[in-house]
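Index from 1, following the sequence. All values derive from a computational prediction rather than experimental measurement.
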Amino acid sequence: MSNPAVPPRSLAEALRARDDDSLAALLRARPDLITPVPTDLTQLATRAGTRASVVRALERLDLFALRTAEALAVAADPAPYGELERLLTGDAGDPAVSAALPRALGTLREQALVWGDDDRLRLVRTARELLAPSPQHPSPTGLGPTVQEATAGMSPGRIQDIVTAAGLGSTHDAVSAVASLTALFTDREGMSALLAGLPEESREVLSRLVWGPPYGQVTADPASHLRRLLDLGLLVPTAPGTVVLPREVALHLRGGRAHREVEPLPPAVEPAATHRPQVVDATAAGQAYTALATVEELLKDWDEGGPAVLRAGGLSVRDLKRTAVALDVSEPVAAFWVELAYAAGLIASDGEADERYAATPAHDEWLEQPAAQRWARLAEAWLTATRTSGLVGGRDAKDRTLSALGPGLDRGAAPEVRHRVLTLLAGLPEGAAPSAESVLARLRWERPQRREEDLRSRLAEWTLKEAELLGVTGRGALSGHGRALLGAAAPRTPDADPRTPGPQGPGDKLPVHHRAAAVPEPLSPVEQATASAAAARLLAPLLPEPLDHVLLQADLTAVAPGPLRRPLADVLDVLADVESKGGATVYRFTPGSVRRALDAGQSASDLHAFLAAHSRTPVPQPLTYLIDDVARRHGHLRVGAASAYVRCDDDALLNEILADKRAAGLRLRRLAPTVLAAQADPASLLDGLRAMGFAPAAESAEGDVLITRAHAHRTPPRTAPEPVPDGPPVPDATLLSAAIRAVRAGDLASTAPRKPTDRPPLATGELPRTSSAETLATMQAAVLTGEALWIGYVNAEGAASQRVIAPVRVEGGFVTAYDHTADEVRTYPLHRITGVAELAGD
């Protein structure tokens, strides 16, 4: 480890001075740096400075940390802490900014975007290139180039004219002239005097450029007030017809501030309404019950085989509309329920040649679980899914319509946004419901640099709506079981609230791993399973108990005052039609629904006994008559297959059918006194006769009545879709520990001092090269002396590495040694050792 008293000269040296906890914080904040594990700290520093990694790190900064990085990008390189503070607070100072600055700087240091001591702060070169002002990429600060950069292409004579016009003495060269002009522009009193002598029109031009963009247009013959600004160097030409306001001039006009607004503290999520927690929980529980009923209705609708799968995947617009009508919801809401069932593994495509969507075997297991557990499974699937139903109906990058259950709906940021929105709600007092605007403002402060900012805001809006639909929230406030779903009973991070005052200056040191905002990470799968079980326990008492009875009424309806137990609900679904839903479900008995039950194998006596056993009111006489009437006529006619035929013992009834004009389309003819033949197929003949008011029954080739039950269609076993992560996953503690140990060991091997030799020095990362004989001799000598050696080694997969070993035994073409890199005794084949070098010290 480097000497902490010596200032680091590079990012690699700064990383080398960190402890293991600090390195773990870096790898946790930037998990892309650990894939694959770097060989040493130099490679880690190089990877941390790549453009893709830096862009990703900048995107995950909060607003104030990003403002701090942007200020460093326009400061001197390196910059002392005081200069950075002045750029953020201005000449007047700002106590809130000064208090929050150490925390923001700690975040930048933790993520290896800034390194160096407080007197020599350096922004990583790639970050400076991304954030520093340039004509191609304007800085978010609105500042332009420095005087030195703006005058780089100007002739020395023109520079001397500017210096003279500004009242400065002429110099011998352009470099000293630019330095003299820079000193004037950074001198507060000198600049104030210079600007005071300008006409009002000139000062007005400067005020229009001061907060950016700093570029303006002038004619070939500018007006006198513009000519005065050009003569003094307050505007510098950069191209024909284009001028720029130098950075030093803009900073003086701004009072030393790099930004117009800094916002050191996140905007508070304020409650828009407050309800009693009991009301919130009851409302959310009601929504949870409705969610379960809606998903069950969807699965029942697709039980015998759902809509066809489009060639490109997903549901057609027509099928989505039909599903929305069946569920009595809007199409976007129907898309949400379909995607939720898919994310929970309850529906999938069956994989047949004529591919259709259908319920999975897991659906049957899900139906057998208690209601609270079924809800917890849906809520957990929603919280962790990357599929985003809100995108349905939109267009992808190739201008193709995005369909429900189709490709292109995964958004890796969705789980993070959902978790963060609910966490913000959990931070409010119980029963408090925030406004959507305050939640969106907080999210924009926490992630201002996202490339898909509009998508992130839309994800947050969808989260608030979907949480209400699912029953995670009630009346806009997070419910008790919603808090449990997040594992939010206690804070999961030791980080301080970013709104509390922090250290007051650079003398109050913070750990390098101190974060700027207390944003808890999503739970691990094991933690989430525990939290879901806790949520189910809290929700269970709030859900209505399933009932085993209904209330029969004289108007041929049955009222279910709550959810029904599954056997009762299944039979009623066949025997009656659902007329209305809600807290109480109303079923209506019709001739068609009774015939449906008889077709399913029930007899009139079975239906009477069933209703009598499950009704809290006496069975109304009209319902008894309806069942008996339909049963008396049911099966009196028999339809079988010739093309199709009708047979009946009552020839008068057959005469009535033949005389009916509505039978013309069936093309019936009499074959015998009790048999009619038709050219229609049996199914069409059944439907036609039933439309005429008859109650025929289908029969088999043996003459037996066919019982028509719905045949459930199931897919083969399917797993729920895997979420598509938004970048590399955050490494766990075990992986971090192993990675840091490997990096430390690799760094030891690459930086260990070697004895000087006659060979030319090796480049960084290059393996040592020695002959086989020299390698063997050096190994044998090291066994006798007990010295450590530096070796290059290539394993069986061809991966090369550097190691520091202490040889113990050399025999049979192998060397057994204590490997300082792996911290264990290992045996290496000598033919895989590329070379060896002696270390200078112990």
Side-chain angles (χ1 to χ4, degrees), residues 279-302 320 323-324 326-347 359 362-363 365-385 387-390 392 404-405 414 418 421-422 425 462-486 531-546 560 562-564 566 569 578 580-585 720:
V279 173
V280 171
D281 290 348
T283 304
Q287 286 297 122
Y289 168 70
T290 303
L292 291 176
T294 305
V295 173
E296 289 178 22
E297 185 68 24
L298 169 67
L299 296 170
K300 187 185 302 178
D301 189 43
W302 291 12
L320 181 60
T323 302
L327 299 179
D328 194 22
V329 296
S330 64
E331 291 177 38
V333 174
F336 167 69
W337 293 121
V338 168
E339 284 289 343
L340 179 61
Y342 177 61
L346 304 180
I347 59 174
H363 153 253
E365 301 173 5
W366 180 75
L367 285 178
E368 297 302 321
Q369 294 175 346
Q373 292 183 19
R374 282 186 281 136
W375 177 87
R377 178 167 174 178
L378 294 179
E380 182 178 342
W382 168 75
L383 190 61
T384 58
R387 291 187 63 82
T388 309
S389 64
V392 172
L405 300 181
R418 291 193 196 105
V421 169
L422 296 183
L425 268 62
W462 295 333
T463 296
L464 293 172
K465 295 176 182 177
E466 292 167 1
E468 194 76 13
L469 282 174
L470 194 53
V472 176
T473 59
R475 300 194 179 188
L478 192 64
S479 62
H481 50 273
R483 291 176 186 272
L485 184 68
L486 290 175
S532 298
R537 287 193 297 271
L538 289 177
L539 177 63
L542 302 176
L543 292 176
E545 285 291 332
L564 299 177
R566 187 142 310 281
V578 176
S580 67
K581 301 177 183 178
T585 304

Query raised in the report: Any side-chain heavy atom of Glu466 within less than 4.5 Å of one from Ser389?
Result: yes
Query raised in the report: How long is the gap from CG on Leu422 to CG on Leu383, to the nearest 0.5 Å?
Result: 6.5 Å
**Report entry** Close side-chain approach of Leu425 to Leu464, heavy-atom, < 4.5 Å
**Finding:** yes
Report task. Flag the pair Phe336 / Val392 as yes when at least one side-chain heavy-atom distance between them is below 4.5 Å, and no otherwise. Result -> no
Query raised in the report: Heavy-atom count around Gln369 CD within 6.0 Å, excluding the residue itself: above 12?
Result: yes
Query raised in the report: Is there a side-chain contact (heavy atoms from CB on, under 4.5 Å) between Trp382 and Thr463 once you walk through the steps?
Result: CA-CA 10 Å; Trp382 168 75; Thr463 296; 4.1 Å; yes
Query raised in the report: side-chain contact (heavy atoms from CB on, under 4.5 Å) between Ser580 and Thr585: does it pass, once the steps are laid out?
Result: CA-CA 6 Å; Ser580 67; Thr585 304; over 6 Å; no
Query raised in the report: Taking atom CG of Leu539 and atom CG of Asp281, what is their separation to the nearest 0.5 Å?
Result: 9.0 Å
**Report entry** Minimal non-hydrogen separation, Ala414 against Ala385, with atom names
**Finding:** CB-O, 4.0 Å
Query raised in the report: So do the side chains of Lys300 and Glu297 get within less than 4.5 Å of each other, counting heavy atoms only?
Result: yes
Report task. Could I get the full list of ring pair (Phe, Tyr, Trp, His ring centres under 6.0 Å) partners for His481, not counting sequence neighbours? Result -> Trp375
Query raised in the report: How close do Ala288 and Leu543 get, heavy atom to heavy atom, and via which atoms?
Result: CB-CD2, 4.5 Å
Query raised in the report: Is the closest side-chain heavy-atom distance between Leu346 and Arg377 below 4.5 Å?
Result: yes
Query raised in the report: Do you know which two heavy atoms are closest between Ile347 and Tyr342, and how far apart they sit?
Result: O-CD1, 3.4 Å
Query raised in the report: Does the Ser479 side chain pair with the main chain of Gly482, one donor and one acceptor, at a distance under 3.5 Å?
Result: yes
Query raised in the report: Shortest non-hydrogen contact from Glu339 to Leu405?
Result: OE2-N, 2.6 Å
Query - Residues that Val329 engages under side-chain contact (heavy atoms from CB on, under 4.5 Å), provided they are two or more places apart - result: Leu327, Val333, Ala334
Query - Heavy-atom side-chain proximity of Leu378 to Leu292 below 4.5 angstrom - result: yes
Report summary line: Heavy-atom closest pair (Val280 atom, Gly474 atom, distance to 0.1 Å) is CG1-O, 3.5 Å
Report task. Check Ala344 against Ala720 and note the closest heavy-atom contact, atom names and distance. Result -> C-CB, 4.2 Å
Query raised in the report: How about Gln287 and Leu470: do any of their side-chain heavy atoms sit closer than 4.5 Å?
Result: no
Query - Partner residues of Glu296 under the salt bridge (charged side-chain N to carboxylate O under 4.0 Å, His left out) criterion, sequence neighbours left out - result: Arg374, Arg566
Requested in this report: Taking the side chain as every heavy atom from C-beta outward, state whether Thr323 and Trp337 have any atom pair closer than 4.5 Å.
Outcome: no
